[in-house]
Amino acid sequence: MKILEIEHCRKQFGGNEVLTDISLTVSEGEVVSIIGPSGSGKSTLLRCATLLETMDGGSLKYLGKSAARDENGKAVYASAAELKEIRSCFGLVFQNFNLFPHYTVLKNITEAPLLIQKREKQEVLATARDLLNRMGLADREDAYPYQLSGGQQQRVSIARALAMRPKILFFDEPTSALDPELTGEILKVIRALAAEHMTMVIVTHEMAFARDVSDHVIFMDGGVIVEQGNPADIINSPSHDRTIQFLSRFN
């Protein structure tokens with residue numbers, strides 16, 4: 001089953017085309033990693049996919065429902081009510097955690113399921129505590145973000161995203177704000193999610209991780225998809241000069 005379909009996505013900022021004719025499909029249970037140099041359009045693509053930015057042209061679908069359709073080269077978005085329903089399909093984990101500083105860990109996780117999804121309080125609390133247990137943070141539910149390490153804050157933000165029961169989870173460079181020791185913590189969590197067949201799109205600079213965990217790797221540069229395919233092929237033996245040049249810095 002196709003969870004996400006993006007076709008011919010275009011995005012400009014002030015006349016500068018940041019994304020040019022990007023198309024990708026993510027199926028249920030698939031892990032897709034997006035790699036490439038800074039400024040290649042990876043994060044903008046994620047922001048367009050998660051409705052934080054509007055595309056200038058192209059179409060966007062979740063589970064076959066249209067969030068945006070292309071009309072004469074322009075992206076026309078669905079109604080606010082339809083977009084609200086579509087937003088419940090995905091979760092997003094940011095590089096800088098984006099936790100509410102004045103909320104406890106538990107409230108950070110339970111707020112959206114209670115307010116937005118109107119779920120039963122006892123069920124939401126049980127889900128949140130189960131997620132904290134899985135993240136190794138069962139004893140931190142009453143802590144505030146400032147009392148946690150960066151790795152712990154990022155694990156809370158992953159739990160918060162999972163608490164909404166998304167069909168697909170997006171990660172925007174989830175380890176870029178962390179030191180190497182804490183990076184390992186987060187990659188371990190994402191590996192465990194991959195083992196559970198969670199559908200994920202991960203923008204990452206961790207090449208070995210992308211190779212080992214992904215079903216599909218996309219290399220972007222200059223706002224276009226330069227090369228994509230099997231992770232081992234792309235990362236171990238890329239065929240395009242730009243991919244070879246980029247990956248040589250990691251070897």
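Model, not experiment: these values are computed from the prediction.
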Is the shortest side-chain heavy-atom distance between [X] and [Y] below 4.5 Å?
X	Y	answer
L162	M198	yes
I190	V31	no
T104	E141	no
F246	M207	yes
R119	R165	yes
I158	F171	yes
L63	I3	yes

Does the [X] side chain pair with the main chain of [Y], one donor and one acceptor, at a distance under 3.5 Å?
X	Y	result
T175	L178	no
T199	E28	no
S79	E82	yes
E30	H216	no
N108	Y103	yes
Q147	Y144	yes
D221	S40	no
E227	M220	no
Y62	S88	no
K42	P37	yes

Show your working on side chain to side chain contact (heavy atoms under 4.5 Å, CB included) between I22 and I225 and close with a plain yes or no.
CA-CA 7 Å; I22 299 275; I225 293 175; 3.8 Å; yes

Which atom names give the shortest non-hydrogen contact between [X] and [Y], and what distance separates them?
X	Y	value
Q154	V93	OE1-CG1, 3.3 Å
L247	P238	CD1-CG, 3.8 Å
A112	M164	CB-SD, 3.5 Å
A161	P166	O-CD, 3.3 Å
L99	Q153	CD1-O, 3.6 Å
P113	A163	CG-O, 3.8 Å

Can you confirm whether more than 12 heavy atoms, excluding those of [X], are under 6.0 Å from its [atom1] atom?
X	atom1	value
F100	CZ	no
H197	NE2	no
E196	CD	yes

Return the set of residues passing side-chain contact (heavy atoms from CB on, under 4.5 Å) with Q122 (not counting sequence neighbours), or none when no residue passes.
L125

About how many Å separate [atom2] of [Y] and [atom1] of [X], when rounded to the nearest 0.5 Å?
X	Y	atom1	atom2	result
M55	L45	CE	CG	10.0 Å
I109	R129	CD1	CZ	10.5 Å
E185	D179	CD	CG	9.0 Å
L60	S66	CG	OG	7.5 Å
S38	E173	OG	CD	6.5 Å
D172	N96	CG	CG	9.0 Å

Between side-chain atoms of residues 10-19 and protein atoms elsewhere (two or more places apart, or another chain), which donor-acceptor pairs fall under 3.5 Å?
{"unit_1": "R10", "atom_1": "NH2", "unit_2": "G73", "atom_2": "O", "d": "2.4"}
{"unit_1": "K11", "atom_1": "NZ", "unit_2": "T54", "atom_2": "O", "d": "2.8"}
{"unit_1": "E17", "atom_1": "OE1", "unit_2": "T20", "atom_2": "OG1", "d": "3.2"}

Determine whether [X] and [Y] fall in the same hydrophobic cluster, where Ile, Leu, Val, Met, Phe, Trp and Tyr are linked whenever their side-chain heavy atoms lie under 4.5 Å apart.
X	Y	result
V76	L51	no
M200	L92	no
Y146	L137	no
V32	L24	yes
V217	V224	yes

Would M135 and V156 count as a side chain to side chain contact (heavy atoms under 4.5 Å, CB included) if you check the C-alpha gap in whole Å, the side-chain angles of each, and the deciding distance to 0.1 Å?
CA-CA 8 Å; M135 299 293 156; V156 172; over 6 Å; no

Under the side chain to side chain contact (heavy atoms under 4.5 Å, CB included) rule, what do L132 and L106 come out as? Steps first, then yes or no, please.
CA-CA 9 Å; L132 284 173; L106 191 63; 4.3 Å; yes

Assign the ring pair F90 / F170 to parallel, tilted or perpendicular, where the plane angle (0 to 90°) is split at 30° and 60°.
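Correct class here is perpendicular.
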
Derivation and outcome, side chain to side chain contact (heavy atoms under 4.5 Å, CB included), residues E206 and I186:
CA-CA 11 Å; E206 303 289 335; I186 301 309; over 6 Å; no

Could you check whether T127 and E123, counting side-chain N and O atoms only, form a donor-acceptor pair closer than 3.5 Å?
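Judged by distance alone, the side chains do pair up.
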
Would S248 and Q245 count as having a side-chain donor-acceptor pair, cut-off 3.5 Å?
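There is no such pair (donor and acceptor under 3.5 Å, judged by atom type) between the side chains of S248 and Q245.
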
Determine, for K2 against E7, whether the closest basic-nitrogen to carboxylate-oxygen distance falls under 4.0 angstrom.
no

